[in-house]
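For reference, the structure discussed in these notes is given below.
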Amino acid sequence: MPTPSTNRLALSYELFPPRSMAAGNLWTTIRELESTAPDYVSVTYGANGGNHDTALTLLSELVGRTTLRPLAHLTCVGGTRNSLRRTVTDLLDLGVRGVLALRGDIPDGYVPPDGAVDHAVDLIELIRDVERGNAAQLAAGRIAVGAAAYPTRHPESATWQQDIEVLAAKQAAGADFAITQVFFDASRYAALVRRARDAGVTIPIIPGILPMTSLRRVRTLARLAGIDPPARLCRRLAHAGSEADARRIGVDATVGLLRAALDVGAPGLHLYTFNQHSSALAVLDALNLPARNGAPTESEIA
Ligand SMILES: NC(=O)C1=CN([C@@H]2O[C@H](COP(=O)(O)OP(=O)(O)OC[C@H]3O[C@@H](n4cnc5c(N)ncnc54)[C@H](O)[C@@H]3O)[C@@H](O)[C@H]2O)C=CC1
Ligand SMILES: Nc1nc(=O)c2c([nH]1)NC[C@@H]1CN(c3ccc(C(=O)N[C@@H](CCC(=O)O)C(=O)O)cc3)CN21
């Protein structure tokens with residue numbers, strides 16, 4: 001087992017770009033998340049048909065109007081070397097200094113364009129190449145490049161060994177850290193970390209955690225990860241007597257999963273918020289982590 005780090009835990013959240021920045025309670029969510037002083041907030045890209053422009057708009061608002069540091073997801077599926085180079089340059093121009101390099105989900109009937117970038121590893125190399133070309137502008141800091149890692153086998157991979165080889169290749173291509181796909185069983189996360197370390201992967205592998213308070217989202221994410229949803233939890237969420245009951249059941253289950261991941265040495269936590277702060281903050285509250293720099297403590301609020 002890896003030894004737990006003595007550094008404080010990393011904390012990050014994931015948002016998806018809404019169709020409109022005026023959507024629902026987006027700004028309430030952003031401000032609530034900001035009050036916990038996370039290390040960064042990631043913005044998905046191309047997920048579920050979401051597009052380039054809405055992601056760049058949300059990133060630019062985060063840079064311009066908040067103290068949050070954004071991590072831009074970038075998917076290479078559908079793009080070309082030229083369009084992706086342009087997007088990375090646009091992100092740098094916005095002030096973004098962190099990119100999660102992904103391939104992305106392949107749409108039905110997809111035909112790769114000329115000049116396609118096929119795999120996340122190729123995208124990482126492309127980002128590092130753009131970085132070299134902008135070394136003068138980046139004098140005060142490099143791009144932090146992240147990649148996805150899989151506690152349960154990627155549905156398109158033949159074996160888990162393939163996933164580990166790909167993760168090692170992502171590190172070799174220049175990935176600084178990895179965030180995991182959603183998982184519901186901490187032993188899968190522990191096995192991923194152990195196998196990755198055995199294969200020479202030294203970068204941090206941050207668990208990506210869904211606050212499991214919504215049966216619908218648990219099922220959606222399980223489908224995206226290509227795994228079975230956790231049957232017992234789904235039964236309990238389905239039979240919850242009220243929203244508050246479902247919240248309690250989901251928060252308890254999520255805290256259990258997170259504690260187990262932290263117990264095997266997870267260096268932090270990345271919460272898939274789905275643009276809702278309440279479940280994410282309820283999970284954090286129940287986890288009772290040590291106070292963070294910048295986050296007001298109870299006594300400061302009182
Ligand atoms: N849109 C978003 O914001 C997010 C998307 N994702 C999802 O993660 C999944 C895939 O993304 P990545 O892990 O970044 O893709 P990837 O390119 O690393 O891997 C995708 C598949 O291709 C295989 N593969 C990778 N490199 C290969 C190579 N050089 N030769 C042959 N096979 C290779 C992998 O084993 C895997 O089965 C997608 O389902 C994506 O949508 C995950 C998080 C966020
Ligand atoms: N295969 C896969 N693809 C992804 O895009 C992905 C993962 N896995 N795993 C982790 C996160 C989760 N992501 C997602 C997943 C679903 C939506 C989505 O369905 N968004 C809807 C709103 C859904 C809701 O409010 O519950 C949308 O309208 O954009 C967004 C991001 C991005 N990531």
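By convention here, the first residue in the shown sequence is residue 1. Just follow the structure's listing: the first ligand is 1, and inside any ligand the first atom is 1.
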Notebook entry, point to check: Would Arg8 and Asp39 pass as an ion pair if we require N to O under 4.0 Å?
Noted result: yes

Item checked: Salt bridge flag under 4.0 Å for residues Glu156 and Arg103 ->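 Here Glu156 pairs with Arg103 in a salt bridge, since their nearest N and O are under 4.0 Å apart.
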
Item checked: ligand 2 contacted by Glu14 (non-hydrogen, < 4.0 Å) -> yes

Notebook entry, point to check: Under 4.0 angstrom from ligand 2, any heavy atom of Arg19?
Noted result: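 Yes, that is the case, since the closest heavy atom of the residue is under 4.0 Å from the ligand.
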
Notebook entry, point to check: Less than 4.5 Å apart, any side-chain heavy atom of Leu15 and any of Leu33?
Noted result: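 With C-beta onward as the side chain, the pair touches.
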
Checklist line | Contacting atoms of ligand 2, where contact means under 4.0 angstrom from a heavy atom of Tyr272 | finding: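 The atoms of ligand 2 under 4.0 Å from a heavy atom of Tyr272 are 10 (C), 11 (C).
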
Checklist line | Test side-chain hydrogen bond (donor to acceptor under 3.5 Å, both in side chains) applied to Thr67 - qualifying residues, sequence neighbours left out | finding: Glu34

Margin query: Strictly by side chain to side chain donor-acceptor pair (under 3.5 Å), give each pair with a member in residues 173-186 just once, sequence neighbours left out.
Written below: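 Passing the test, one end in residues 173-186: Arg128-Asp176, Arg142-Asp176, Asp185-Ser187.
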
Can you list every pair where an N/O of ligand 1 is under 3.5 Å from an N/O on the protein?
| from | atom 1 | to | atom 2 | distance (Å) |
| --- | --- | --- | --- | --- |
| ligand 1 | 1 (N) | Tyr45 | O | 3.0 |
| ligand 1 | 3 (O) | His73 | ND1 | 2.7 |
| ligand 1 | 8 (O) | Tyr150 | OH | 2.8 |
| ligand 1 | 11 (O) | Tyr150 | OH | 3.4 |
| ligand 1 | 13 (O) | Tyr150 | OH | 2.6 |
| ligand 1 | 13 (O) | Lys170 | NZ | 3.2 |
| ligand 1 | 14 (O) | Arg103 | N | 2.9 |
| ligand 1 | 17 (O) | Ala120 | N | 3.0 |
| ligand 1 | 18 (O) | Lys170 | NZ | 3.0 |
| ligand 1 | 26 (N) | His119 | ND1 | 3.4 |
| ligand 1 | 35 (O) | Ser157 | OG | 2.8 |
| ligand 1 | 35 (O) | Gln162 | NE2 | 2.9 |
| ligand 1 | 37 (O) | His154 | ND1 | 3.3 |
| ligand 1 | 37 (O) | Ser157 | N | 3.4 |
| ligand 1 | 37 (O) | Ser157 | OG | 2.7 |
| ligand 1 | 39 (O) | Asp105 | OD1 | 2.5 |
| ligand 1 | 41 (O) | Asp105 | N | 2.7 |
| ligand 1 | 41 (O) | Asp105 | OD1 | 3.0 |
| ligand 1 | 41 (O) | Asp105 | OD2 | 3.0 |

Before signing off on this row, confirm whether [X] and ligand 2 have an N or O atom pair separated by under 3.5 Å.
| X | result |
| --- | --- |
| Arg216 | yes |
| Leu221 | no |
| Arg217 | yes |

Margin query: By the salt bridge (Lys or Arg N to Asp or Glu O under 4.0 Å) test, which pairs, at least two apart or in different chains, include something from residues 55-74?
Written below: Glu61-Arg65

Next item on the list: Check for a donor-acceptor pair, side chain of Arg235 on one end and backbone N or O of His239 on the other, with a separation under 3.5 Å.
Entry: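 Checked: no pair found.
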
Item checked: Atom pair CZ/CG of Arg132 and Leu138 - distance to nearest 0.5 Å ->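 Here the interatomic distance stands at 12.0 Å.
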
Check: Which of the listed options, Asp105, Thr44, Leu100, holds the heavy atom that is closest to atom 2 (C) of ligand 2?
Finding: Asp105

Check: Do Asp129 and Arg85 pass the salt bridge (Lys or Arg N to Asp or Glu O under 4.0 Å) test, and can you show the C-alpha distance, the side-chain angles, and the key distance before you say yes or no?
Finding: CA-CA 9 Å; Asp129 194 50; Arg85 293 182 72 89; 2.8 Å; yes

